[in-house]
Each structure stands twice: as structure tokens, then as C-alpha cells.
Amino acid sequence: MVDLLLAQSAFPEAMSQHVLAHYLFVSAAMFTIGLVGFLTRRNLIIMFLCTEMMFQAAGIALIAFSRFHLNYEGQTFVIFVLTVAAAEAALALALVVFLFRKRDSLSAEAWAEMKG
Amino acid sequence: MDFIVHPVLLFVALAVCGVGVALSIPRRRFHAGLIGGIIAATGVGILITALGAASLADGSPLPNLFFHGLAIIALGSCLQVITHRRPVYAALYFILSILSTAGLYILLAAEFMAFALVIIYAGAILITYLFVIMLASQSRVEDEEEGISEYDAIGRGPVTATIVSFALLATLTVMMFGGIREISPPGAAQVAQAETVVLQRLPGKVEKALTREGLMNPGESVAGVERTEAGVFATVESADGGTRQVALPETLTPTNTEGLAFNLLGEYPGTIEIAGVILLMAMLGAVVLARKFAQIDEEAKATAAAALAEGRADAIGTLGADVGNGGGATSDG
């Protein structure tokens, strides 16, 4: 009943809905943890790290659905998610370095007067 | 809706999780990281057990045993990322969560993406994060205790944030667990079709396999692959134009990388170009944002230019000192 084989040499079999539900739950829980972190942490770098965590959670859901429907679209889109994550990391970290030079602090509240 | 986990049990487990997460977030008076983590793990454990019981009751197979270990490591290290007071450790725990996510990808038969995730995320993006954290942690903040900055030691509104986030999680899981029975897994015919579609694009691989098995003579080539009631057949064309049908060996299956490559490059070639442009723009943007702005005093520049024209070398030395000061003082531009 429990498939202990790690390496799949054959083309994957169909996956049941219950297994899909397990993976989707992990994805949703990881997204929520990332959201809690984004809302509570006050360190700019950790806040961006939490957005990366949410990207990763979306990736798990995409790959689980790709495996469930046995097509490759989900995996292809994870490649694009990785691209966006890399671009975001580059820009966000450059911004953080820029802001850190201005205030000498990584706190998001150092910029609290930036209101609309 | 036909729930696979009873909604009341779901909400209770999520509430337990939420209490654990809210407890473990750093705050001023107390820091119950371990207790919070244990409570949150209990909540996740209740839910995973309920999910497993539901699949056993329906006679559906459980996920691979490694799933449970990897999921616990992934969620646990994610919790550490948002609760650890030292940013460097948070980034290291995030690398751990990426590695276990890559393990989940392997269980989902997405080997290429698993390795791409380790190389791109753990190898490149997180190392950049670590560099920036170490670069920015050199500042001497007055009110830090034991080297931890005040903004890392105290979270902002942990209870509100947790309630809002777990309301979102409750909505997501109710929708998922209620509607998951309405989507059906592909049948055996569709699985076989998915396999054949990839093989149809790989005549070279089919040719190699048939030659190895001795089913094809030199001088013949594979003209196509098709699926019939009896199995998968390759149309083999001989040099004089005659064709015959050869049954493919059972062991001939496309790999994940082959299928993904044909999907990525065959169906979305324009999107790859756009992704390349996005990366290029991000690189340019990062360079523009992170460079230091050295402002040279226009007057000093004019003086130095005049001095240069007169051939006085001593005036240029003064300008050099000015540039040094200007670069340091106005680096925040």
C-alpha cells in the first residue's frame, strides 16, 4: 500500500485525490506561515525571505497538480516562478542595501513616515 | 460539499496550529518558541492523521512514507524562519526548508525541478540573501542585547497577524478538502496517452532502444509512434520505402526531463524570452539601485580642468581628496 520506492524508473502512475490533498495541505500551510512571517517580522530581509517562502508554497501546489494531471504545464510554470523569484531577490536586496545605507537600520519601521 | 476531513475537526486543528504559531513569534515579555512549535506540530499532526485516515477509509493509497518526514522538516524549518531572532539562522533554516521541498518534488516525480530548485534557490538566491544579511548586520545598534537588534527580537502584532493568516488557511483548506472529490484522477488510458505523446516527439530515443533490442535493422528509421488498442507501436521505415509496425519494449519510457523540455521549449518559447528579459531588467535595476553615487563638486571639477589645462599637477591632488570625501558623505545620494 505504501510505495517505498524513491526513484521512479517507469512513467508515473495516476495519483489519488487523497495524496493530492496531502500535498495541497502542506502547500497551504507553508503559504500561511510565510504570510504570518511577512506580517509580524520587522526586519526587511526576513520579510522578503517570507515572500520567497510563499513562492515556494505555490510551487509545491503547481507541481502536485502537474503530477495529478500527468502533464508538464505545472512544472513549466514553476520554472517561471523561479525566474520571478530570482528577479525579485535581486531587486529587493538591492533596495534593502540602498535603504540600509540611508538609515543604518534594517527595521521596516525606520521608514514609517513614508505614508500616502 | 463532501468533505474528506470533517470541518469541525479541521477548524479545531487549525486553531491549535494558530495558537502554537502565535506563541512562538518573538515578543517582548516572553518567548515560548519551543512550546509554540510543539503545539503547532500537534495541530499539523492531527490534520495529517485525519487526512491519512480519510484516505484509508476510501481505500486510496497513503502518500509515500518519506512525504511525512519531508513535510514535517519543511513546515518546521519554515516556522523557525519566521520565529528565529537571528536573521542568519533564519536564512539557513530557509535553505533546509528548500532542501526538503526538493525532496517533495522528487516524490512528485519532478526530478528536474527538484535539482533546479536546489541549484537556483539554495545555491544562488539564498547565498545572496546571506551575503546581504552579513553586510547589513555590521552596524552598531545601541539598544541591542546579545547582538540581536530590537526589531528582530520583537514581532509586530503576532495575534492579529496569526488570526488573519489562519482565517485564510481555513478558507483554503475548507475549499480544498470540500472540493477535492470533484476532480478525478486521469484513467489508465489517459496515463498511457500522456506517455505516448512524449514518445512521439522522441524518434531518436525510440530508434536507439529498438536497435539495442535488435528489433530494427541497420538502414531503417522510425517514422512515427502511435498507440492502438493492443499497445504502443513504432512505424519503422526501411530504405526502400516499405513500412512495418514494431511493438515498443515495456522498458522504454520517457523521463521527466524529456517531457518537461518538450513542454517548455515547444509550448512556451515566447515566455522563455520574456523570462530572459525580466532577468536582464532585474540585473540592470539591481546595478542601478545598489551603486554608490559619487557626486563631484562642479566648481572643483572646473578648477581641476583649468589646472590640467595649465599643466599644474598639484591642483589635481586636491580634487582627488574632494572626490573621496564627496563619495563617502553623499553615498546615499
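Numbers restart at 1 for each chain; the letters A, B, ... are given by sequence-line order, proteins then strands.
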Visitor: If you round to the nearest 0.5 Å, how far is CZ of F77(A) from CE of M113(B)?
Guide: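 The distance works out to 12.5 Å.
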Visitor: Which of the residues G187(B), G155(B), P186(B), G285(B) is involved in the greatest number of heavy-atom pairs with chain A at under 4.5 angstrom?
Guide: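 Looking at each option in turn, the highest pair count goes to P186(B).
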Visitor: A85(A) versus chain B, heavy atoms under 4.5 Å apart: side chain, backbone, both or neither?
Guide: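 For A85(A), backbone and side chain are both near chain B.
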Visitor: Please classify the contact between L75(B) and chain A as side chain, backbone, both or neither, with a heavy-atom cut-off of under 4.5 Å.
Guide: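 For L75(B), the contact with chain A is made by backbone and side chain together.
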Visitor: Heavy atoms only, distances under 4.5 angstrom: which of A89(A), A21(A), A92(A) has the most pairs with chain B? Name it, please.
Guide: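 So the answer, after comparing A89(A), A21(A), A92(A), is A21(A).
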Visitor: Write down the atom of R42(A), the atom of I154(B), and the distance for their closest heavy-atom approach.
Guide: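 Of all heavy-atom pairs spanning R42(A) and I154(B), the closest is NE-O, 3.1 Å.
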Visitor: Which atoms of F25(A) come close to chain B, meaning under 4.5 Å heavy atom to heavy atom: side chain ones, backbone ones, both, or neither?
Guide: both
Visitor: What verdict does the side-chain contact (heavy atoms from CB on, under 4.5 Å) test give for I82(B) and C50(A), after you've listed the backbone C-alpha separation in whole Å, the side-chain angles of each residue and the deciding distance to 0.1 Å?
Guide: CA-CA 8 Å; I82(B) 66 164; C50(A) 290; 3.7 Å; yes
Visitor: So L39(A) and R156(B), side-chain contact (heavy atoms from CB on, under 4.5 Å) or not? Walk me through it.
Guide: CA-CA 7 Å; L39(A) 293 174; R156(B) 174 181 50 199; 5.9 Å; no
Visitor: Where on I46(A) is there a heavy atom nearer than 4.5 Å to chain B: the side chain, the backbone, both, or neither?
Guide: side chain
Visitor: Could you tell me if the ring centre of Y129(B) sits under 6.0 Å from that of F48(A)?
Guide: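 No: the rings miss the under 6.0 Å criterion.
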Visitor: Could you check if a side-chain atom of Q56(A) sits within less than 4.5 angstrom of a side-chain atom of F94(B), using non-hydrogen atoms only?
Guide: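 Of all side-chain heavy-atom pairs linking F94(B) with Q56(A), at least one is under 4.5 Å.
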Visitor: Kindly compute the distance separating CG (L20(A)) from OG (S55(B)), expressed to the nearest 0.5 Å.
Guide: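 One finds 12.0 Å between CG of L20(A) and OG of S55(B).
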Visitor: What distance separates L44(A) CG from I133(B) CD1, expressed to the nearest 0.5 Å?
Guide: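 The CG atom of L44(A) sits 11.5 Å away from the CD1 atom of I133(B).
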Visitor: Considering only heavy atoms and a distance below 4.5 Å, find which of V84(A), L35(A), V19(A), I63(A) pairs most often with chain B.
Guide: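 Between V84(A), L35(A), V19(A), I63(A), the count favours I63(A).
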Visitor: In terms of heavy-atom contacts, does CZ of F55(A) have more than 12 from other residues, nucleotides or ligands at under 6.0 Å?
Guide: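 Correct, the count exceeds 12.
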Visitor: Kindly compute the distance separating OG1 (T83(A)) from CD1 (I274(B)), expressed to the nearest 0.5 Å.
Guide: 11.5 Å
Visitor: Do you know which of V198(B), L79(B), I98(B), V44(B) has the most heavy-atom pairs with chain A at a distance under 4.5 angstrom?
Guide: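 The residue among V198(B), L79(B), I98(B), V44(B) with the greatest pair count is I98(B).
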Visitor: Which pair of heavy atoms, one from A90(A) and one from A286(B), lies closest together, and at what distance?
Guide: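 For A90(A) versus A286(B), the nearest heavy atoms are O-CB, 3.8 Å.
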Visitor: Taking every non-hydrogen pair under 4.5 Å, which of T160(B), T101(B), T128(B) racks up the most with chain A?
Guide: T101(B)
Visitor: Give the C-alpha distance, both sets of side-chain angles, the deciding distance and a yes or no for side-chain contact (heavy atoms from CB on, under 4.5 Å) between M53(A) and V81(B).
Guide: CA-CA 9 Å; M53(A) 198 189 292; V81(B) 172; 3.6 Å; yes
Visitor: Please look at V26(A) and chain B and tell me whether the side chain, the backbone, both or neither of the residue comes under 4.5 angstrom of a heavy atom of that chain.
Guide: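 Contact with chain B: backbone and side chain both.
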Visitor: Is it the backbone or the side chain of L168(B) that comes under 4.5 Å from a heavy atom of chain A, or both, or neither?
Guide: side chain
Visitor: So, for A86(A) and L279(B), which heavy atoms are closest and what is the spacing to 0.1 Å?
Guide: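 Scanning both residues completely, I find the closest heavy atoms to be CB-CD2, 4.2 Å.
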Visitor: What part of T271(B) gets within 4.5 angstrom of chain A, counting heavy atoms only: side chain, backbone, both, or neither?
Guide: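 Contact with chain A: backbone and side chain both.
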Visitor: Is any side-chain heavy atom of F166(B) closer than 4.5 Å to one of V36(A)?
Guide: yes
Visitor: Tell me, do M15(A) and L108(B) make a side-chain contact under 4.5 Å, heavy atoms counted?
Guide: yes
Visitor: Name the option with the most non-hydrogen atom pairs under 4.5 Å to chain A; the candidates are L117(B), L47(B), V21(B).
Guide: L47(B)
Visitor: When heavy-atom pairs shorter than 4.5 Å are enumerated against chain B, which of G74(A), G59(A), S66(A) gives the highest number?
Guide: G59(A)
Visitor: Based on non-hydrogen pairs under 4.5 Å, which of Y121(B), F112(B), F177(B) is most in contact with chain A?
Guide: Y121(B)
Visitor: Which answer fits E73(A), side chain, backbone, both or neither, if we ask what part of it has an atom under 4.5 Å from a heavy atom of chain B?
Guide: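 Answer is both: backbone and side chain atoms of E73(A) are under 4.5 Å from chain B.
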Visitor: Nearest 0.5 Å please: distance from the CG atom of D152(B) over to the CG atom of L106(A).
Guide: 8.0 Å
Visitor: Is any side-chain heavy atom of I180(B) less than 4.5 Å from a side-chain heavy atom of L24(A)?
Guide: yes
Visitor: For the residue pair Q17(A) and R181(B), what are the closest heavy atoms and their distance?
Guide: NE2-O, 3.5 Å
Visitor: Which answer fits F31(A), side chain, backbone, both or neither, if we ask what part of it has an atom under 4.5 Å from a heavy atom of chain B?
Guide: side chain
Visitor: Can you check whether F131(B) reaches L93(A) side chain to side chain, under 4.5 Å on heavy atoms?
Guide: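 Of all side-chain heavy-atom pairs linking L93(A) with F131(B), none is under 4.5 Å.
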Visitor: Please rank A188(B), A116(B), A22(B), S165(B) by heavy-atom pairs under 4.5 Å with chain A and give me the top one.
Guide: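 The answer is S165(B).
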Visitor: Under 3.5 Å, is there a donor-acceptor pair linking the side chains of Q75(A) and N256(B)?
Guide: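 A donor-acceptor contact under 3.5 Å links the two side chains.
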Visitor: Parallel, tilted or perpendicular for H22(A) and F67(B), by the 30°/60° rule?
Guide: perpendicular
Visitor: What's the separation between atom OG in S184(B) and atom NE2 in H69(A), rounded to the nearest 0.5 Å?
Guide: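 The OG atom of S184(B) sits 8.5 Å away from the NE2 atom of H69(A).
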Visitor: Side chain, backbone, both or neither: which part of I183(B) has a heavy atom under 4.5 Å from chain A?
Guide: both
Visitor: Compare every heavy atom of V78(A) with every heavy atom of Y105(B), then report the nearest pair and how far apart it is.
Guide: OH-CG1, 4.3 Å
Visitor: For Y72(A) versus G259(B), what's the shortest heavy-atom pair and its separation?
Guide: CZ-CA, 3.6 Å
Visitor: Can you tell which part of L264(B) gets under 4.5 Å to a heavy atom of chain A, answering side chain, backbone, both or neither?
Guide: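 Both parts, heavy atoms under 4.5 Å.
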Visitor: Go through it in stages, so that I can follow the logic: the residues are E267(B) and T76(A), the test is side-chain contact (heavy atoms from CB on, under 4.5 Å), and I'd like the CA-CA distance, side-chain angles, deciding distance and then a yes or no.
Guide: CA-CA 10 Å; E267(B) 314 277 328; T76(A) 306; over 6 Å; no
